[in-house]
Participant: 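Before I ask anything, here is the structure I am working with.
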Amino acid sequence: MASPRKVIITCAVTGAIHTPSMSPYLPVTPEEIADAAVGAAEAGAAIVHLHARNPETGEPDQTPEAFARFLPVIKQRSGCVVNITTGGAPTMSIEERVRPAATFRPEVASLNLGSLNFGLFGMLDRFKDLKHEWERSYLANKDIIFRNTFGQIEYILTTCAGNDTRFEFECYDTAHLYNLKYFFDRGLVKAPLFIQTVFGLQGGIGSHPDDVLHMKRTADRLFGDQYRWSVLGAGRNQLNIAAMAAAMGGNVRVGLEDSLWAGPGRLAETNAEQVRAVRQIIEGLGLAVATPDEAREILSLKGADKVGF
Ligand code: KMH
Ligand code: ZN
């Protein structure tokens with residue numbers, strides 16, 4: 001009997017979009033981030049996507065020192081694949097954003113394939129009492145551009161060149177897939193391309209099934225069998241888009257970075273809860289959850305023994 005297809009679950013445990021006042025369950029301190037990552041891996045996440053935060057204020061912190069407080073702990077407690085963000089926060093310079101990935105040479109780092117508006121202000125309607133002053137100005141800003149110019153993308157690629165780090169290529173619209181094709185055709189990125197298609201973020205492509213199909217068809221046409229498809233549905237779109245993609249041969253991303261919810265009006269209490277929910281869908285489809293080593297095989301990763309932490 002044919003063995004079931006293996007589906008890679010990525011869990012993004014804290015991110016830089018949601019702010020501490022939105023959910024008491026959002027990991028902020030290094031201990032909370034480490035526990036969340038290990039818990040997500042134990043629930044079935046093969047890859048954990050990591051940001052760091054200031055433990056007092058919860059503000060995004062892209063200093064290598066902040067990441068150093070939890071990277072070794074996660075590596076010691078789990079065999080999962082560590083994916084370090086180069087996205088950081090949209091308010092940061094590209095030099096700041098790339099530093100942790102360049103310093104720690106992870107197996108995977110995120111790479112955002114184009115600029116877009118980041119409309120976080122809609123969340124102010126839902127979350128009124130914000131504890132920290134920085135949260136309101138951060139969320140209310142209607143002029144945030146998450147800048148990822150061709151030059152900045154190239155800067156990240158050249159800065160990380162030689163580290164054998166592979167990338168989670170985050171694509172928020174079809175234009176970003178064409179941008180990736182530009183780099184692929186010039187040999188600046190190599191197959192298999194781990195493409196994370198992002199849906200439902202204000203400023204990027206929507207979250208309708210037509211949007212999912214459009215991104216997949218475009219990626220299929222541009223990259224054929226040279227890519228591995230994954231989906232990230234923001235907010236309430238997380239599980240339905242994951243279910244759609246899993247049924248269509250894709251991999252999935254969950255986590256409190258992308259959605260705070262476990263269902264309508266119910267906050268997820270842990271990242272592991274979201275991993276378990278998507279695992280149930282995957283296994284319900286007769287598919288299986290990839291282990292970290294199976295994910296390494298599927299994505300041609302270098303192995304945890306070759307990282308710099
Ligand atoms: N927050 C996600 C929508 C990154 O860290 O490089 C995109 C992201 C960016 O994860
Ligand atoms: Zn991220």
Participant: Taking everything shown except His132 itself, do over 12 heavy atoms lie less than 6.0 Å from its NE2?
Facilitator: yes

Participant: For Ala43, does its backbone N or O pair with a side-chain atom of Arg279 as donor and acceptor, under 3.5 Å?
Facilitator: yes

Participant: Heavy-atom count check: over 12 atoms from other residues, nucleotides or ligands less than 6.0 Å from Gln226 CD?
Facilitator: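 Atom CD in Gln226 is crowded, with more than 12 foreign heavy atoms closer than 6.0 Å.
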
Participant: So, the side chain of Thr197 versus the backbone of Ser230: is there a donor-acceptor pair under 3.5 Å, distance only?
Facilitator: yes

Participant: Do Ile241 and Ile205 belong together in a cluster built from hydrophobic side chains that touch within less than 4.5 Å?
Facilitator: yes

Participant: Should we say atom CG of Asp129 is surrounded by more than 12 heavy atoms from elsewhere, each under 6.0 Å from it?
Facilitator: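 Open.
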
Participant: Before you tell me yes or no, could you show the steps for Phe194 and Thr10 under side chain to side chain contact (heavy atoms under 4.5 Å, CB included), namely the whole-Å CA-CA distance, both residues' side-chain angles and the distance that decides it to 0.1 Å?
Facilitator: CA-CA 11 Å; Phe194 182 35; Thr10 293; 3.9 Å; yes

Participant: Are any side-chain N or O atoms of Lys75 and backbone N or O atoms of Val82, one a donor and one an acceptor, separated by less than 3.5 Å?
Facilitator: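 Such a contact is absent between Lys75 side chain and Val82 backbone.
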
Participant: What's the verdict on side chain to side chain contact (heavy atoms under 4.5 Å, CB included) for Arg97 and Asn112, showing C-alpha distance, side-chain angles and the deciding distance?
Facilitator: CA-CA 11 Å; Arg97 289 171 40 188; Asn112 296 275; 4.2 Å; yes

Participant: Which distance, rounded to the nearest 0.5 Å, do you find between the NZ of Lys216 and the CG of Leu177?
Facilitator: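 Between Lys216 NZ and Leu177 CG, I get 12.0 Å after rounding to 0.5 Å.
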
Participant: Do side-chain atoms of Glu107 reach the backbone of Gly303 as a donor and acceptor pair under 3.5 angstrom?
Facilitator: yes

Participant: When you check the gap from the basic side-chain N to the acidic O, do Glu135 and Lys131 get nearer than 4.0 Å?
Facilitator: no

Participant: Do Arg296 and Asp293 sit within salt-bridge range, that is, some charged N less than 4.0 Å from a carboxylate O?
Facilitator: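 The answer is yes: the pair qualifies as a salt bridge.
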
Participant: Pairing donors with acceptors under 3.5 angstrom, does anything connect the side chains of Asn271 and Tyr25?
Facilitator: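 No pair is found: no donor N or O on one side chain lies under 3.5 Å from an acceptor on the other.
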
Participant: Mind checking whether Ile144 and Thr91 have side chains closer than 4.5 Å, heavy atoms only?
Facilitator: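 In short, these two side chains do not touch, never coming nearer than 4.5 Å.
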
Participant: Please name all residues satisfying side chain to side chain contact (heavy atoms under 4.5 Å, CB included) with Asn83, sequence neighbours left out, ordered by chain then number.
Facilitator: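 For Asn83 the side chain to side chain contact (heavy atoms under 4.5 Å, CB included) partners, ignoring immediate neighbours, are Ile47, His49, Val108, Ser110, Glu168.
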
Participant: Considering only heavy atoms from C-beta outward, does the side chain of Arg166 approach that of Pro192 to under 4.5 Å?
Facilitator: yes

Participant: Which heavy atom of Gly114 sits nearest to which heavy atom of Asn148, and what is that distance?
Facilitator: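 Looking at all heavy atoms of both residues, the closest pair is O-ND2, 3.1 Å.
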
Participant: Determine whether Leu71 and Ile84 make a side-chain contact, defined as any pair of heavy atoms from C-beta on separated by less than 4.5 Å.
Facilitator: yes

Participant: Please state whether the rings of Phe167 and Phe169 are parallel, tilted or perpendicular, taking 30° and 60° as the class boundaries.
Facilitator: tilted

Participant: Please verify the inter-ring angle class for Tyr182 with Phe150; under 30° counts as parallel, over 60° as perpendicular, anything in between as tilted.
Facilitator: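 Correct class here is perpendicular.
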
Participant: Side chain to side chain contact (heavy atoms under 4.5 Å, CB included) with Tyr155: which residues, sequence neighbours excluded?
Facilitator: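 Here the qualifying residues are Ile94, Glu95, Val98, Thr159.
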
Participant: What is the distance from atom CD1 of Ile281 to atom CZ of Arg276, rounded to the nearest 0.5 Å?
Facilitator: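 The distance works out to 14.0 Å.
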
Participant: Would you say the side chain of Pro90 lies within less than 4.5 Å of the side chain of Tyr138, judging by non-hydrogen atoms?
Facilitator: yes

Participant: Please report the closest heavy-atom contact between Phe184 and Ala191, naming both atoms and the distance.
Facilitator: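 Looking at all heavy atoms of both residues, the closest pair is CE1-N, 3.8 Å.
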
Participant: Would you give the length of the straight line joining atom CG of Leu260 to atom NE2 of His18, rounded to the nearest 0.5 angstrom?
Facilitator: 4.0 Å

Participant: Would the distance check show the side chain of Asp258 and the main-chain N or O of Gly255 forming a donor-acceptor pair, the cut-off being under 3.5 Å?
Facilitator: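 No: the side chain of Asp258 does not pair with the backbone of Gly255.
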
Participant: Could you walk me through whether Arg253 and Glu170 pass side chain to side chain contact (heavy atoms under 4.5 Å, CB included), step by step?
Facilitator: CA-CA 11 Å; Arg253 172 166 146 170; Glu170 310 226 7; 3.2 Å; yes

Participant: Indicate the atoms forming the closest heavy-atom contact of Ala242 with Val278, along with that distance.
Facilitator: CB-CG2, 3.7 Å

Participant: Ignoring hydrogens, what is the shortest heavy-atom contact between Pro30 and Pro55? Give both atom names and the distance.
Facilitator: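 Minimum heavy-atom contact is CD-CB, 4.2 Å.
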
Participant: For the pair Asn251 and Val7, evaluate side chain to side chain contact (heavy atoms under 4.5 Å, CB included) and give the outcome as yes or no after the intermediate values.
Facilitator: CA-CA 5 Å; Asn251 300 284; Val7 179; 4.1 Å; yes

Participant: Measuring from atom CD of Glu65 to atom CZ of Phe67, what distance do you get when rounded to the nearest 0.5 angstrom?
Facilitator: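 CZ of Phe67 is found 11.0 Å from CD of Glu65.
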
Participant: Please list, chain by chain and in numerical order, all residues satisfying side chain to side chain contact (heavy atoms under 4.5 Å, CB included) with Arg236, sequence neighbours excluded.
Facilitator: none

Participant: Is the backbone N or O of Ser207 less than 3.5 Å from a side-chain atom of Asp211, with the two atoms forming a donor-acceptor pair by type?
Facilitator: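 Side chain of Asp211 to backbone of Ser207, a donor-acceptor pair under 3.5 Å: yes, one is there.
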
Participant: Would you indicate whether the side-chain heavy atoms of Trp229 and Phe223 approach each other to under 4.5 Å?
Facilitator: no

Participant: Quick one: closest heavy-atom pair of Gln238 and Ser259, and the distance?
Facilitator: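 Closest approach of Gln238 to Ser259: NE2-CB, 3.6 Å.
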
Participant: Can you establish whether the number of heavy atoms outside Ile145 located under 6.0 Å from its atom CD1 is more than 12?
Facilitator: no

Participant: If I take atom CE from residue Met215 and atom OG1 from residue Thr174, how far apart are they, to the nearest 0.5 angstrom?
Facilitator: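 Spacing of CE (Met215) from OG1 (Thr174) equals 6.5 Å.
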
Participant: What is the minimum heavy-atom distance between Ala34 and Val73, and which atoms define it?
Facilitator: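 For Ala34 and Val73, the tightest heavy-atom pair comes out as CB-CG1, 3.9 Å.
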
Participant: Looking at Glu96, I want to see if its CD is surrounded by more than 12 non-hydrogen atoms of other residues, nucleotides or ligands under 6.0 Å.
Facilitator: yes

Participant: Answer yes or no: is there a donor N or O on one side and an acceptor on the other, between the side chain of Thr14 and the main chain of Pro27, under 3.5 Å?
Facilitator: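 Judged by distance alone, yes, a pair lies under 3.5 Å.
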
Participant: Calculate, to the nearest 0.5 Å, the distance between atoms CD and CG belonging to Gln274 and Leu256 respectively.
Facilitator: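 Reported value, rounded in 0.5 Å steps: 5.0 Å.
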
Participant: Kindly say whether Lys128 contributes a backbone atom to a donor-acceptor pair with the side chain of Arg136 at under 3.5 angstrom?
Facilitator: yes

Participant: Check this for me, if you would: do Arg186 and Glu154 make a salt bridge, where the nitrogen-to-carboxylate-oxygen distance has to be below 4.0 angstrom?
Facilitator: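 Salt bridge: no.
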
Participant: Can you confirm whether Tyr178 sits close enough to Thr218 that some side-chain heavy atom of one is under 4.5 Å from a side-chain heavy atom of the other?
Facilitator: yes

Participant: Within a radius of less than 6.0 Å around CZ of Arg77, do more than 12 heavy atoms belonging to other residues, nucleotides or ligands occur?
Facilitator: yes

Participant: For Asp225, is there any backbone N or O sitting under 3.5 Å from a side-chain donor or acceptor partner on Arg228?
Facilitator: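 The answer is yes, because a donor-acceptor pair under 3.5 Å joins these two groups.
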
Participant: Is the shortest side-chain heavy-atom distance between Leu113 and Ile153 below 4.5 Å?
Facilitator: yes

Participant: Classify the ring geometry between Phe104 and Phe309 as parallel (under 30°), tilted (30 to 60°) or perpendicular (over 60°).
Facilitator: perpendicular

Participant: With a 4.5 Å heavy-atom cut-off, do Thr19 and Leu139 have their side chains touching?
Facilitator: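 Yes, close enough: below the 4.5 Å cut-off.
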
Participant: Check this for me, if you would: do Asp164 and Lys306 make a salt bridge, where the nitrogen-to-carboxylate-oxygen distance has to be below 4.0 angstrom?
Facilitator: no

Participant: Check whether Gln196 reaches the backbone of Val231 with its side chain - one donor and one acceptor, N or O, closer than 3.5 Å.
Facilitator: yes

Participant: Is it true that the NZ or CZ of Arg53 lies under 6.0 Å from the centre of Trp134's six-membered ring and within 45 degrees of the ring axis?
Facilitator: no

